[in-house]
Amino acid sequence: MKRRAALDRFFITTPIYYVNAKPHLGHAYTTIVADSIARYHRLAGHETFFLTGTDEHGDKIVEAAAKAGSSPQQYVDTISEQFRSLLPELQISNDDFIRTTEERHKQVVRDILQRVYDAGDIYLSEYEGRYCTGCEQFLTDKDLDANGLCPDHKVAPTVIKEKNYFFRMSKYQDWLKQHIQDNPEFIRPEHYRNEVLSMLDMGVLDDLCISRPKSRLDWGIELPFDSGYVTYVWFDALINYITGLGGPDSENFSKFWPRANHLVAKDILKPHAIFWPTMLKAAGFEPYQNLNVHGYWLMQDTKMSKSLGNVVEPLAMRDTYGLDAFRYFLLREMRFGRDASFSERALVGRLNADLANDLGNLFSRVLSMTHKYFGGEVPAMGQRSHAEDVEILDLALNSFANYQQLFPRFQFGRALEALWELVRGLNKYVDVTAPWTLFKNGETERLAMVIGTLLGLMRKIALHIWPVMPQTAETMFAQLGGEFDPSAIDLGKEAEAFGDFLQTGTRLAKASNLFPRVEFKEVESGGQAEPRQDNPKKDKQPKQPKTQQPAPEVGIAEFADFQKLDLRLGTVLSAEPHPEADRLYVVKIDLGEPQPRQVVAGLREHLEVEFLVGRQVVVVANLAPRKLRGVESQGMIMAVKDKDGLQLLTATGLVENGSKVS
RNA sequence: GGGCCGGUAGCUCAAUUGGCAGAGCCUUCGGCUCAUAACCGAACUGGUGUAGGUUCAAAUCCUACCCGGCCUACCA
């Protein structure tokens, strides 16, 4: 039995996935990363808990269910099952699968709400605001786009006035900032830590609205202190990380809690980096250990012409290239935290070069030689006499040590690269020692040493690779005449010495073809594939893989487009500083209309009032009105800017006010 | 407008925080025959985005700017 100290415990989570869409590449990536890291820690002998699940409350679910003609419960049962059943297909080794509609979760949410309420950090307040059903939240001025629409969903928000419960998040702002500063690894990679610190520096955090009146939404968890309300979706969802362990009073919670590692995509940074730690603090719990933030997979170079949608189906990739090649590619290719491009061409490149040529071929050639020279049985090892035998061992131990240093720090690409230094080194070792020559010359002892060294190190490669490619690792072990048992491995020791060699006489597989080479078929699609433009919606889950943005067609405007613009000349009557904004003027312009036009213009840091008044300017007269810092602007003054400053557009001579530009 | 991150070989990325710019892929040539047209070796490609500055020494630090991405705001 391996000794398990408290420090060796590891809790890894994926976000719980919102059940309003089918699983896609983003979900698969997050989950596969979590799985690999969980397997790694198990292999390292750490007691590990790996949690994933689905997020099932909120009005979007109610809407989607209605649209599908089913009840919310039926609907979430169906979609949640799609996520759950994907897990074994991707060989995900999660310890539990949490659904926010489960009774165990409702109890924990109520428990924690009550704790925060008792601590005095939840209060009732009336709120009037514009609510976007798509976002499931109230939007402020600054959230709206130029037309007063929700920028993510392109719909006008509804004005709603209601009483709601608020979480006093602002109270914990300074504490959170201090905590992030004191714990450089709390949010990683560093880029996202900076992002969060700048959010916290920007001003006072708003308190968080955590309820919805049942009259408006009853698909949620009832507040323990007011049966007229249900919980706001984030407060509900984040708590899953505690429910999954069994709740705050459970044994698993006391075992695993402060050692939690959350894994999220960058679009849900704020809830996890700001809401969640402050919620935990208010409820009297320690903050989680790390928030690990990854980037997006971008679709590039794609020739998947059959689906212009460009959605990468994880299962289709698995079916075409094999699960382990797919998993390997995802971990090898993306530098954790940054965006990466997904392309089948790159996947095939990795598959052929790294997996087939380097790794697969190594197994193939060594097993074949073992059969030719030793009847397929592990030979008895002799003395390690030659320099290259010592060198290859040094290389191996160094490679494993590097791997073990990088992998748990989420540096998967570099960790695998470190391992591949050894894979390539072993191929070279074969060439340098030339076992076929040793065989011809009857140097059997030396031959046994060489083959034994190869087999022993191949076993180590297999076990190191298991977190990423479990199936392949297990096949490798089978080919090496053994069975893979993660609990019997002591990872640290594997990097310290050659260790227990495979038992002499063990029968090995005669041949190995772990990764057949794949021919990459370039599918020509007659010009550029048309990437689909996804709605840039902000979901609570990894985004749909973004399509490559084609250059927007700004180059050519049809005459009809130009005609839409109503450009007119008018004389500036007055210009006053905007009361609420120090870069804006409120300008009144005579456009030949009964009333002067009021336009808010950002000219204040460029032009004096005296310069403006009396000046004739070009105005976009039919621009949709928009409030800027509370003052309505009914148009736009046209100007040009270069390195020397800003100039106004006007006509070469005076014209009648209101004259149209054509 | 402000902030953060990035820009290194044709491509993807390193460079232990200031110490001789390196890998892999691609391409070309050579070697080998155990192996999956594979493997091994060699070659090839560089004012490290631009211009300055600090330093014995700069991809790395400082200043300004250009390009890309993200965040943010009072450019309508």
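Throughout, a chain's letter reflects where its sequence line sits, starting with A, and its residues are numbered from 1.
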### Toward the 5' end of RNA chain B, by each residue's nearest nucleotide, Asn352(A) or Trp436(A)
Trp436(A)

### Task
Give a yes or no on whether the ring-centroid distance for Phe186(A) and Trp276(A) is below 6.0 angstrom.
no

### Message
Just to be sure I understand the rule, does Leu362(A) reach a base, reach only the sugar-phosphate, or reach nothing, if contact means heavy atoms closer than 4.0 Å?
### Response
nothing

### Query
What is the nucleic acid contact for Gly635(A), judged by heavy atoms within less than 4.0 Å: base, sugar-phosphate only, or nothing?
sugar-phosphate

### Message
Applying a 4.0 Å non-hydrogen cut-off, can you work out what Ala601(A) is touching in the nucleic acid: base, sugar-phosphate, or nothing?
### Response
sugar-phosphate

### Query
So what does Val599(A) hit on the nucleic acid, given a heavy-atom distance under 4.0 Å: a base, only sugar-phosphate, or nothing?
nothing

### Query
Toward the 5' end of RNA chain B, which comes first, Asp354(A) or Ile637(A), by nearest nucleotide?
Asp354(A)

### Task
Check for a donor-acceptor pair, side chain of Asn352(A) on one end and backbone N or O of Val518(A) on the other, with a separation under 3.5 Å.
yes

### Task
Please measure how far the C1' atom in A38(B) lies from the corresponding atom in A21(B), and state the result in whole Å.
32 Å

### Tyr373(A), nearest nucleotide to its side chain (from G41(B), C34(B), A76(B))
C34(B)

### Message
Checking contacts here: which listed nucleotide (G69(B), U36(B), C34(B)) is nearest the side-chain heavy atoms of Asp339(A)?
### Response
G69(B)

## Note on the structure
With syn meaning chi within 90° of zero and anything else anti, the base of G47(B) is syn

### Query
Given the C1' atoms of C44(B) and A9(B), what is the spacing between them in whole Å?
10 Å

#### Entry: Side-chain donor/acceptor of Asn361(A) to base of A35(B), under 3.5 Å
yes

### Task
Would you confirm whether the ring centroid of Tyr321(A) sits within less than 6.0 angstrom of the ring centroid of Phe326(A)?
no

#### Entry: Stacked cation flag Lys266(A) on Tyr296(A), 6.0 angstrom / 45 deg
yes

### Query
Looking at the side chain of Ala353(A), which of C25(B), C4(B), A14(B) is the nearest nucleotide?
C25(B)

